[in-house]
Amino acid sequence: MTTVEAKSTTDAELDAIFGPIFARIGEGAVQRETDRRLLFEEVNLLRAAKFGALRVPVEYGGYGVTVRQLFRQLIALAAAESNLPQALRVHFSFVEDQLLAEPNPAREQWLRSVAQGSLVGNAITEPGVGAVDHYRTKLTRDGAIWRLNGTKFYSTGSLYADYIVAAADRDGERVGVLVEANAEGVRQSDDWDGFGQRLTASGTTEFTDVLVTEDNVLGPGYGAPGPTYATAYLQLVQLAVLAGIARRAERDAREWVAARTRGYTHSAADLPRRDPLVQQVIGRLSAAAFAAEASVLAVADALDEVLNDRAQDEGLVVAAELASARAQLAVIDLVLPATTLLFEVGGASAVSERLRLDRHWRNARTISVHNPAIQKARAIGDHLLNGTDLPFAWSAGERTPEAAS
């Protein structure tokens, strides 16, 4: 008897499934921004459609898509609501870790759980000293179990999640820990006060004597030394957000101009859409969105190669990291100017609070500072000139003068 291999989902099929959902989500973007309403309803729409299972193999109930297909959908989602891909960033990395793990019952359980709608958030970054030396969040033995204690910030997406990946110190070793988001001792706050990406739920998470079983201690976790696919992968989600912002900014500007009848006495045409200078602005916005998306998908192709090889080839991992770093600089330099340029298509009415066109710049500016571009540019140059290793494992926090020297 011949076994028929399950087929992955095509781009056309994915567009048919998620296109209407993204359109529905996109319709409410301006009002959500105005009201600062968190995205629970929109996350549930994605959950019901198994968006979080895009990379889960078909045999486990997912869509079995490539990395390129995943990022194509993330760009489209970001165009509808830029906060959502960022909120799901660590979720997709968690899924990727399960795909890379050796077959075992826990791996199968998690893949099936994701296919049923489970989402994973994060609690990695710490305030103050952070993890420059070691995590202040501690995992300590309590008989046959472990207890997790500590405070995290930038817990992006965790308020929307069923589980949280937390980074902790276990007797001087960095480890990742998986806890239920509603477990006793977990307290989450929506106190992220950035001027952009306001709905990512990137606030504080506190752990007080949270019970952790042995099988939920995941291993080295974020910040472990050595080359890893994860830094490029996680960075690329941010770049997909920027590409989506550029796409939506171009669309919003184009639709506004197409319906606009007010112009100036010294304009080159009676209607703004006929004005060659306005047309030029729309053309430049379109080019920026196209180039940003092309850059993201080029890095996604490199990551497809890495992950198809199960991240075993260090040369491919380094090449993907370098591609991601280069793309970061290029995409930021494309999208930030574009989100300012769009205001040139109209006069003072373009800055109306009703339109909220400023959200595109605020969101893009916020995403762009998550991994400082000036540090990334220096790292690229040092690598190319001197063969210095790219910074796969790095953390944010206060450094003593001794540590900085």
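Positions are given from 1 along the sequence. No experiment lies behind these values; they were computed from the predicted model shown.
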Undergrad: Counting only heavy atoms from other residues, nucleotides and ligands, does the tally under 6.0 Å from CG of Asp270 exceed 12?
TA: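 Counting other residues, nucleotides and ligands, CG of Asp270 stays at 12 neighbours or fewer.
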Undergrad: For Phe207, enumerate each residue passing the ring pair (Phe, Tyr, Trp, His ring centres under 6.0 Å) test, keeping only those at least two apart in sequence or located in another chain.
TA: none
Undergrad: Taking ring pair (Phe, Tyr, Trp, His ring centres under 6.0 Å) as the definition, give me every residue that meets it alongside Trp110, ordered by chain and number, with sequence neighbours left out.
TA: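 Counting only residues at least two positions away or on another chain, Trp110 forms a ring pair (Phe, Tyr, Trp, His ring centres under 6.0 Å) with Phe94, Tyr163.
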Undergrad: With no hydrogens and no angle check, just 3.5 Å: does a side-chain donor-acceptor pair link His370 and Gln86?
TA: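 The answer is yes; a qualifying pair exists.
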Undergrad: For the pair Arg47 and Asp162, evaluate salt bridge (Lys or Arg N to Asp or Glu O under 4.0 Å) and give the outcome as yes or no after the intermediate values.
TA: CA-CA 11 Å; Arg47 192 193 306 272; Asp162 303 285; 2.6 Å; yes
Undergrad: State which residues pass ring pair (Phe, Tyr, Trp, His ring centres under 6.0 Å) with Phe290; sequence neighbours excluded, sorted by chain then number.
TA: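 With neighbours one apart ignored, the set is empty.
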Undergrad: To the closest 0.5 Å, what do you measure between CD1 (Ile25) and CG (Leu39)?
TA: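 Nearest 0.5 Å value for the CD1-CG distance: 8.0 Å.
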Undergrad: Could I get the full list of salt bridge (Lys or Arg N to Asp or Glu O under 4.0 Å) partners for Arg36, not counting sequence neighbours?
TA: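 Partners of Arg36 by the salt bridge (Lys or Arg N to Asp or Glu O under 4.0 Å) criterion, ordered by chain and then number, come out as Asp190.
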Undergrad: Using modelled atom types only, decide if a donor and an acceptor are shared between the side chain of Arg32 and the backbone of Arg37 within a distance under 3.5 Å.
TA: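 Not confirmed, Arg32 side chain does not pair with Arg37 backbone.
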Undergrad: Look at Asp304 together with Arg68 and state whether they make a salt bridge at an N to O cut-off of under 4.0 Å.
TA: no
Undergrad: How long is the span from the CD1 atom in Ile245 to the NE2 atom in His360, to the nearest 0.5 Å?
TA: 8.5 Å
Undergrad: Does the side chain of Gln279 come under 3.5 Å of the side chain of Asp275 through a donor N or O and an acceptor N or O?
TA: no
Undergrad: Does Arg247 reach the side chain of Ile75, with side-chain heavy atoms less than 4.5 Å apart?
TA: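 When only atoms from C-beta onward are counted, Ile75 and Arg247 do touch, with a gap below 4.5 Å.
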Undergrad: Residues in salt bridge (Lys or Arg N to Asp or Glu O under 4.0 Å) with Asp313, at least two apart?
TA: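 Per chain and number, Asp313 pairs via salt bridge (Lys or Arg N to Asp or Glu O under 4.0 Å) with no residue.
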Undergrad: Does Arg141 come within less than 4.0 Å of Glu214, counting only side-chain N to carboxylate O?
TA: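 Between Glu214 and Arg141 there is a salt bridge, with a charged N closer than 4.0 Å to a carboxylate O.
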Undergrad: Would you say Thr34's side chain and Val30's backbone share a donor-acceptor pair under 3.5 angstrom?
TA: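 Present.
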Undergrad: Quick one: pull up NZ in Lys50 and CZ in Phe18 and give me the separation to the nearest 0.5 Å.
TA: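 Lys50 atom NZ to Phe18 atom CZ measures 9.0 Å (nearest 0.5 Å).
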Undergrad: Between Gln116 and Ser113, is a side chain to side chain donor-acceptor pair (under 3.5 Å) present by the stated rule, with each step listed?
TA: CA-CA 5 Å; Gln116 291 165 7; Ser113 179; 5.3 Å; no
Undergrad: Say you draw a straight line from CG of Leu211 to OG1 of Thr213; how long is it, rounded to the nearest 0.5 Å?
TA: 7.0 Å
Undergrad: Looking at Lys138 and Asp169, would you say the former's side chain and the latter's main chain have a donor-acceptor pair under 3.5 Å?
TA: no
Undergrad: How are the rings of Phe153 and Trp192 set to each other: parallel, tilted or perpendicular (split at 30° and 60°)?
TA: tilted
Undergrad: Listing request: all salt bridge (charged side-chain N to carboxylate O under 4.0 Å, His left out) pairs with a residue in residues 327-340, at least two apart in sequence or in separate chains.
TA: none
Undergrad: Can you check whether Val65's main-chain N or O pairs, donor with acceptor, with Arg55's side chain at less than 3.5 Å?
TA: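 Answer holds: yes.
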Undergrad: Using only atom types and a distance under 3.5 Å, with no angle test, would you say the side chain of Lys152 pairs donor to acceptor with the backbone of Ala167?
TA: yes
Undergrad: Got a sec, which residues hit ring pair (Phe, Tyr, Trp, His ring centres under 6.0 Å) with Phe92, two or more places apart in sequence or on another chain?
TA: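 Phe51.
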Undergrad: For Glu33, enumerate each residue passing the salt bridge (Lys or Arg N to Asp or Glu O under 4.0 Å) test, keeping only those at least two apart in sequence or located in another chain.
TA: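 Partners of Glu33 by the salt bridge (Lys or Arg N to Asp or Glu O under 4.0 Å) criterion, ordered by chain and then number, come out as Arg198, Arg362.
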Undergrad: Where do Leu236 and Ala300 come nearest, in terms of heavy atoms and distance?
TA: CD2-N, 3.6 Å
Undergrad: With Thr366, which residues qualify under side chain to side chain donor-acceptor pair (under 3.5 Å), at least two apart?
TA: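 Counting only residues at least two positions away or on another chain, Thr366 forms no side chain to side chain donor-acceptor pair (under 3.5 Å).
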Undergrad: For Gly52, does its backbone N or O pair with a side-chain atom of His91 as donor and acceptor, under 3.5 Å?
TA: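 Here the side-chain-to-backbone pair exists.
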Undergrad: Against the six-membered ring of Tyr135, is Arg174 placed for a cation-pi contact (under 6.0 Å from the centre, within 45° of the normal)?
TA: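 Yes; both conditions hold, so Arg174 lies above the ring face of Tyr135.
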Undergrad: Would you say that Val120 contacts Leu178 through its side chain, given a criterion of any heavy-atom pair below 4.5 Å between the two side chains?
TA: yes
Undergrad: Could you tell me whether the side chain of Val217 reaches within less than 4.5 Å of the side chain of Arg170, counting heavy atoms only?
TA: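 Answer yes - side chains close enough.
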Undergrad: Enter the distance from Asn216:CG to Glu180:CD here, rounded to the nearest 0.5 Å.
TA: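 Going from the CG atom of Asn216 to the CD atom of Glu180 covers 8.0 Å.
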Undergrad: Answer yes if the ring centres of Phe392 and Tyr229 are under 6.0 angstrom apart, and no otherwise.
TA: no
Undergrad: In plain terms, say whether Arg107 and Glu102 are close enough for a salt bridge, that is, a side-chain N and a carboxylate O under 4.0 Å apart.
TA: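 Salt bridge absent between Arg107 and Glu102.
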Undergrad: Applying side chain to side chain donor-acceptor pair (under 3.5 Å), can you list everything that pairs with Glu206, at least two apart in sequence or on another chain?
TA: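 Once residues adjacent in sequence are excluded, the partners of Glu206 under the side chain to side chain donor-acceptor pair (under 3.5 Å) criterion are Arg187.
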Undergrad: Residues two or more places apart in sequence or in another chain: which of them pass side chain to side chain donor-acceptor pair (under 3.5 Å) with Trp256?
TA: none
Undergrad: For the pair Asn308 (side chain) and Val306 (backbone), establish whether a donor and an acceptor sit closer than 3.5 Å, ignoring hydrogens and angles.
TA: no
Undergrad: Cut-off 3.5 Å, side chains only: do Thr10 and Glu13 have a donor facing an acceptor?
TA: yes
Undergrad: If you count every heavy atom of other residues, nucleotides or ligands that lies below 6.0 Å from Glu314 atom CD, does the total exceed 12?
TA: no
Undergrad: How about Leu99 and Leu111: do any of their side-chain heavy atoms sit closer than 4.5 Å?
TA: yes
Undergrad: Determine whether Trp361 and Leu341 make a side-chain contact, defined as any pair of heavy atoms from C-beta on separated by less than 4.5 Å.
TA: no
Undergrad: For Thr204 and Asp191, test the side chains for any donor-to-acceptor distance below 3.5 angstrom and give the result as yes or no.
TA: yes
Undergrad: Can you name the residues that form a salt bridge (Lys or Arg N to Asp or Glu O under 4.0 Å) with Glu108, not counting sequence neighbours?
TA: Arg112
Undergrad: Would you kindly say whether Thr151 and Glu126 are connected by a side-chain donor-acceptor distance under 3.5 Å?
TA: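 Result is no, nothing qualifies.
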Undergrad: Quick check against the 3.5 Å criterion: does Gln328 have a side-chain atom that pairs as donor or acceptor with the backbone of Asn371?
TA: yes
Undergrad: Less than 4.5 Å apart, side chain to side chain, heavy atoms only: is that true for Arg359 and Asp252?
TA: yes
Undergrad: Is the backbone of Ala319 close enough, under 3.5 Å, to the side chain of Glu321 for a donor and an acceptor to pair up by distance?
TA: no
Undergrad: Using a distance-only test with no angle check, is there a side-chain donor-acceptor pair under 3.5 angstrom linking Gln188 and Ser155?
TA: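 No - no donor-acceptor pair under 3.5 Å links their side chains.
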Undergrad: Counting N and O atoms only, with roles assigned by atom type, does the side chain of Ser352 sit under 3.5 Å from a partner on the main chain of Ser349, one being a donor and the other an acceptor?
TA: no
